[in-house]
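The structure under discussion appears below in the form of structure tokens.
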Amino acid sequence: MTALYSHQCSKTSEIIQLNNTTVNIQSDFVLTGAELQKITALIYQRAGIVLTHQKHDMVYNRLTRRLRQLGMKTFTAYLNLLESDPFSDEWQQFINALTTNLTSFFREAYHFPVLAEHARSRQSNYSVWCTAAATGEEPCSIAMTLHEALGPYLNGPRIWATDIDTEVLAKAETGVYRHADIQNLTPEQKRTWFLRGTGAQREQVKVKPALLSNIHYQQLNLLSPEWRAPAPFDTRFDAIFCRNVMIYFDKPTQLRILQRFENMLKPGGLLFVGHSENFSNINGPFRLRGQSVYCLAQERT
């Protein structure tokens, strides 16, 4: 019998994998193949996220933290808790634990000049749906771009910023970041949109209210049967940002979401996706317009 050892993020945690079972030496938690299969089935049903057996270390590390918080000894006990109540708040904790959130200000920066040009060509009541807001860097980057392209907007938020993860949204709403997070912004952007902390918070910055007021944060699962944007947003948007989200979905789910995006875009609207996402091989309603930027294949009036 052979064992494969791998060290995780925690300096005190060592994982041994034996016969498709993951054991933490210190805590004696065991994640069996059957439990992993159940977890992957449940996260797919609830969030559309596809997790393979290659992600078992990630699943183990993230969910053991939740088991410890709840004082549970086994993954089976946790799964029984989830399945005992389909409407339990614990389902959101389960989703939060297994959601990956990687973001930064002006990530995949080539998209923002395209957004600015598109906004200037349309101007009137320009709005954007950011479908994976995470901790807020992306919607803030969109807000800065629109302000620089169009000037201030006084009629409420321009950006509907949603995410399935309630924990990252709570952080996004505070607008507080590390000073290192904004190091790649221009001096003017830092001066215009951020306040530097003092004392114990000197290594932190806070987004100014003038920028945050352009963003409406809201929890939303893209698998939900209804996407209803709140007032003052229209039922359709000039642009949709759905970057580095679809890579976690299988092709049938991707197609269903793309078909629904069609109804959320105004004529001439744009869909921005991640650099590793390509939907040219999916018989959907969009065609490639530029570098990971799509438009409707057949425009409607």
Side-chain angles (χ1 to χ4, degrees), residues 1-103 132-136 162-178 200-201 203-204 217-224 245 248-249:
M1 182 182 296
T2 61
L4 173 64
Y5 293 78
S6 63
H7 293 275
Q8 304 303 316
C9 296
S10 171
K11 294 181 180 179
T12 62
S13 178
E14 186 175 52
I15 306 298
I16 298 181
Q17 300 166 26
L18 296 171
N19 295 336
N20 201 30
T21 298
T22 304
V23 183
N24 182 292
I25 294 175
Q26 292 185 337
S27 68
D28 293 329
F29 281 114
V30 176
L31 177 61
T32 67
E35 289 169 332
L36 178 61
Q37 186 175 9
K38 171 66 75 172
I39 290 167
T40 58
L42 291 177
I43 194 63
Y44 179 77
Q45 291 169 11
R46 289 278 170 162
I49 296 172
V50 176
L51 294 177
T52 67
H53 70 279
Q54 295 172 327
K55 297 291 185 180
H56 60 78
D57 284 356
M58 181 204 79
V59 171
Y60 179 91
N61 289 334
R62 294 186 182 184
L63 286 184
T64 50
R65 289 195 287 267
R66 189 60 186 159
L67 266 63
R68 291 189 184 99
Q69 291 171 350
L70 295 173
M72 290 186 164
K73 301 299 183 182
T74 67
F75 285 93
T76 293
Y78 182 63
L79 292 169
N80 289 340
L81 171 67
L82 287 173
E83 295 189 298
S84 68
D85 182 359
F87 304 103
S88 169
D89 291 342
E90 187 57 35
W91 282 107
Q92 185 62 58
Q93 297 296 329
F94 174 70
I95 292 170
N96 289 354
L98 295 179
T99 302
T100 299
N101 298 285
L102 298 175
T103 187
T135 46
T162 66
D163 202 284
I164 194 173
D165 189 331
T166 55
E167 291 182 2
V168 295
L169 283 176
K171 184 181 187 309
E173 289 180 314
T174 68
V176 175
Y177 301 94
R178 299 174 304 164
Q201 285 78 43
E203 294 304 319
Q204 294 183 323
Y217 288 107
Q218 183 177 334
Q219 194 274 344
L220 180 75
N221 185 340
L222 288 176
L223 264 60
S224 296
V245 176
Y248 299 105
F249 299 149

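Note that the structure is predicted; figures quoted are calculated from it, not measured.
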Side chain proximity check, [X] to [Y], heavy atoms < 4.5 angstrom:
{"X": "N96", "Y": "T166", "result": "yes"}
{"X": "V30", "Y": "F75", "result": "no"}
{"X": "I43", "Y": "V59", "result": "no"}
{"X": "I49", "Y": "I164", "result": "no"}
{"X": "I39", "Y": "L98", "result": "yes"}
{"X": "R66", "Y": "M72", "result": "no"}
{"X": "L51", "Y": "Y248", "result": "no"}
{"X": "D163", "Y": "N101", "result": "yes"}

What pairs meet the salt bridge (Lys or Arg N to Asp or Glu O under 4.0 Å) rule with one or both residues in residues 46-55, with sequence neighbours excluded?
none
Output yes when a side-chain donor or acceptor of E35 lies under 3.5 Å from a complementary backbone atom of T32, and no otherwise.
yes
[atom1]-[atom2] distance between [X] and [Y], expressed to the nearest 0.5 angstrom:
{"X": "L42", "Y": "Q37", "atom1": "CG", "atom2": "CD", "answer": "11.0 Å"}
{"X": "L220", "Y": "L169", "atom1": "CG", "atom2": "CG", "answer": "10.0 Å"}
{"X": "L67", "Y": "R62", "atom1": "CG", "atom2": "CZ", "answer": "15.5 Å"}
{"X": "Q201", "Y": "R178", "atom1": "CD", "atom2": "CZ", "answer": "15.5 Å"}
{"X": "Q93", "Y": "L63", "atom1": "CD", "atom2": "CG", "answer": "11.0 Å"}
{"X": "T40", "Y": "Q45", "atom1": "OG1", "atom2": "CD", "answer": "9.5 Å"}

For [X] versus [Y], what's the shortest heavy-atom pair and its separation?
{"X": "T103", "Y": "A134", "value": "CG2-CB, 4.0 Å"}
{"X": "F94", "Y": "L82", "value": "CD1-CD1, 3.8 Å"}
{"X": "E90", "Y": "Y78", "value": "OE2-OH, 2.7 Å"}
{"X": "L81", "Y": "S84", "value": "O-OG, 2.7 Å"}
{"X": "Y217", "Y": "A133", "value": "CE2-CB, 4.1 Å"}
{"X": "L31", "Y": "H56", "value": "CD2-O, 4.0 Å"}

With sequence neighbours left out, the residues meeting salt bridge (Lys or Arg N to Asp or Glu O under 4.0 Å) with E83 are K38
Looking at residues at least two apart in the chain, or sitting in another chain, which of them share a salt bridge (Lys or Arg N to Asp or Glu O under 4.0 Å) with K171?
none
Flag yes if more than 12 heavy atoms outside D85 fall under 6.0 Å of its CG atom; otherwise flag no.
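Enclosed.
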